[in-house]
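This one's a predicted model, so the numbers in the text were calculated from it and none came from an experiment.
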Amino acid sequence: MSQGAIRSYLFAPGNHPKKIAKVFGVGADAVILDLEDAVAVDEKEATRALVVAAMQSERAPLGYVRVNPVDSIYFEADMEAVTGAWLDGIVVPKIESAEQLQSAVALLQRIEERRELEPGSIDLMPIIETARGIENANEVAAAHSRVRRVAFGAGDYTLDLGYQWDPEEEVLSYARSRLSHATRLAGLEPPVDTVVLQIYDDQQFLASAGRGRMFGFGGKLCIHPRQVPLCNELFTPSAKEIEEASAVVRAFEAAEASGSASIQLDGYFIDYPIVDKARRVLQLAARYGQGGTVAD
């Protein structure tokens, strides 16, 4: 499975064996077992072994672990415990600066070297979820070549700023815009959008994911299995989108062959930026297989 083609990241608490037993089979592109917010303080140390055992089991989706923040007393021990050949990626929460992210990268590299793991084989994804982190997004996104993408956490972000996180999510627009700009400037994969807390409100999830996609996000963090198929469907180009993009490319290539670089198709003006966007749709569609699985 390709780490460059991920739409849905499904969280599960690392200390809940029954949920872990089910989470790898619900169709998510990646599963994130949590050592941070979902685990009580007095269970954090014991949970590390449970998470590693789960990652070592046979599974289809990519396996990630969310460790505790860089400045917490648990961070280094978390990293030491979970890093191994069984792991696809580590999620580092509450990143606010390039220095914090570089510190996490340096620790991971030291562990990889000691354990003779292939350098850079484990993905490292920061979550940006505070006002300081959003304002430093450009520096964070460009902090290290190892980082493929960043994620957005609206829960802590709205807490930090005292915002009211209502269903329309207008208060998230600035942060989403900052992250999409930052990742584009750094040449990263599209960012990963925030969770939706209303786990039984499918329309709210689709609306939120749609806003994320509108801002250039390529996937979403999920906190319940029912959100996964919704997420996969929304972040995969639809048959209609593919058909329209194909028509645009065909018409433009025919016109270009005859010396024209701007045409009209069904009353819609098409030039190079429009056809480039259509080609992106087709490239994205080619990355995903049928039935909600990710193509290698």
Side-chain angles (χ1 to χ4, degrees), residues 1-15 20 23-24 28-36 38-39 44-95 97-128 140-151 183 186-189 191-192 218-219 221 287 293-296:
M1 183 179 293
S2 170
Q3 289 183 338
I6 310 174
R7 301 157 295 183
S8 51
Y9 295 79
L10 177 60
F11 277 107
N15 61 340
I20 291 175
V23 74
F24 291 109
D29 294 336
V31 166
I32 305 174
L33 298 185
D34 195 21
L35 293 175
E36 193 210 8
V39 179
K44 287 187 183 292
E45 293 184 11
T47 300
R48 294 169 186 148
L50 298 176
V51 164
V52 170
M55 288 298 170
Q56 291 174 324
S57 65
E58 185 176 350
R59 53 182 168 81
L62 294 169
Y64 284 66
V65 174
R66 179 167 70 174
V67 297
N68 285 279
V70 173
D71 58 0
S72 73
I73 62 173
Y74 306 102
F75 173 70
E76 290 196 15
D78 284 350
M79 295 284 284
E80 290 282 353
V82 304
T83 301
W86 51 81
L87 192 65
D88 295 301
I90 293 174
V91 178
V92 187
K94 298 179 177 63
I95 289 292
S97 69
E99 291 75 19
Q100 283 184 326
L101 185 53
Q102 288 162 352
S103 174
V105 169
L107 176 58
L108 180 56
Q109 289 176 332
R110 292 195 297 272
I111 298 172
E112 285 177 329
E113 184 176 354
R114 278 192 278 107
R115 296 181 183 168
E116 299 182 344
L117 300 172
E118 181 182 349
S121 60
I122 298 175
D123 188 21
L124 189 70
M125 183 172 75
I127 305 182
I128 299 179
V140 170
H144 199 279
S145 59
R146 181 179 194 129
V147 176
R148 295 183 175 98
R149 63 187 70 77
V150 304
T183 54
L188 305 186
E189 290 278 331
V192 181
L221 303 173
R287 296 171 71 174
T293 59
V294 179
D296 289 338

Rounded to the nearest 0.5 Å, what's the gap from CE on M55 to CG on L87? Could you check? 6.0 Å

Mind checking whether D78 and R48 have side chains closer than 4.5 Å, heavy atoms only? yes

Would you say the side chain of Q109 lies within less than 4.5 Å of the side chain of P119, judging by non-hydrogen atoms? no

Please report the shortest heavy-atom distance between D29 and R7, naming the atom on each side. OD2-N, 2.8 Å

Please round to the nearest 0.5 Å and tell me the distance separating atom CG of L108 and atom OG of S103. 11.0 Å

Are there over 12 heavy-atom neighbours, none belonging to Q102, within less than 6.0 Å of that residue's CD? yes

Spell out, as yes or no, whether a donor-acceptor pair under 3.5 Å connects the side chain of N68 to the backbone of L35. yes

Answer yes or no: is there a side-chain heavy-atom contact under 4.5 Å between F24 and L33? yes

Do side-chain atoms of D34 reach the backbone of P13 as a donor and acceptor pair under 3.5 angstrom? no

Let me know which of D123, L124, I6 forms a side chain to side chain contact (heavy atoms under 4.5 Å, CB included) with R148. D123

Closest heavy-atom pair, W86 versus A81, reported as atoms and distance to 0.1 Å, is CZ2-O, 4.2 Å

Taking all non-hydrogen atoms of both residues into account, name the closest pair between L117 and A85 and its distance. CD2-N, 3.7 Å

Name all pairs fulfilling the salt bridge (charged side-chain N to carboxylate O under 4.0 Å, His left out) condition that reach into residues 101-112, sequence neighbours left out, sorted by first residue then second. E112-R146

Closest approach of P61 to D88 (non-hydrogen atoms, all atoms of both residues): O-OD2, 4.5 Å

Test of understanding: with side chain to side chain donor-acceptor pair (under 3.5 Å), list the residues that count as partners of S8, not counting sequence neighbours. N232

Considering only heavy atoms from C-beta outward, does the side chain of V140 approach that of V147 to under 4.5 Å? no

Heavy-atom closest contact (A38 atom, N15 atom, distance): O-OD1, 3.9 Å

Test log, rule side chain to side chain contact (heavy atoms under 4.5 Å, CB included), inputs H144 and L101: CA-CA 8 Å; H144 199 279; L101 185 53; 5.6 Å; no

Candidate pair I122 and I111, rule side chain to side chain contact (heavy atoms under 4.5 Å, CB included), full reasoning: CA-CA 11 Å; I122 298 175; I111 298 172; over 6 Å; no

Which residues pass the salt bridge (Lys or Arg N to Asp or Glu O under 4.0 Å) test with E80, not counting sequence neighbours? R114, R115

Side chain proximity check, R66 to L221, heavy atoms < 4.5 angstrom: no

Is there side-chain contact between I90 and M79, with at least one heavy-atom pair below 4.5 Å? yes

Flag the pair Y9 / V91 as yes when at least one side-chain heavy-atom distance between them is below 4.5 Å, and no otherwise. no

Heavy-atom pair of closest approach, residues P126 and I95: CB-CG1, 3.7 Å

Evaluate the side-chain proximity of Y74 to V39: yes if any heavy-atom separation is below 4.5 Å, no if none is. no

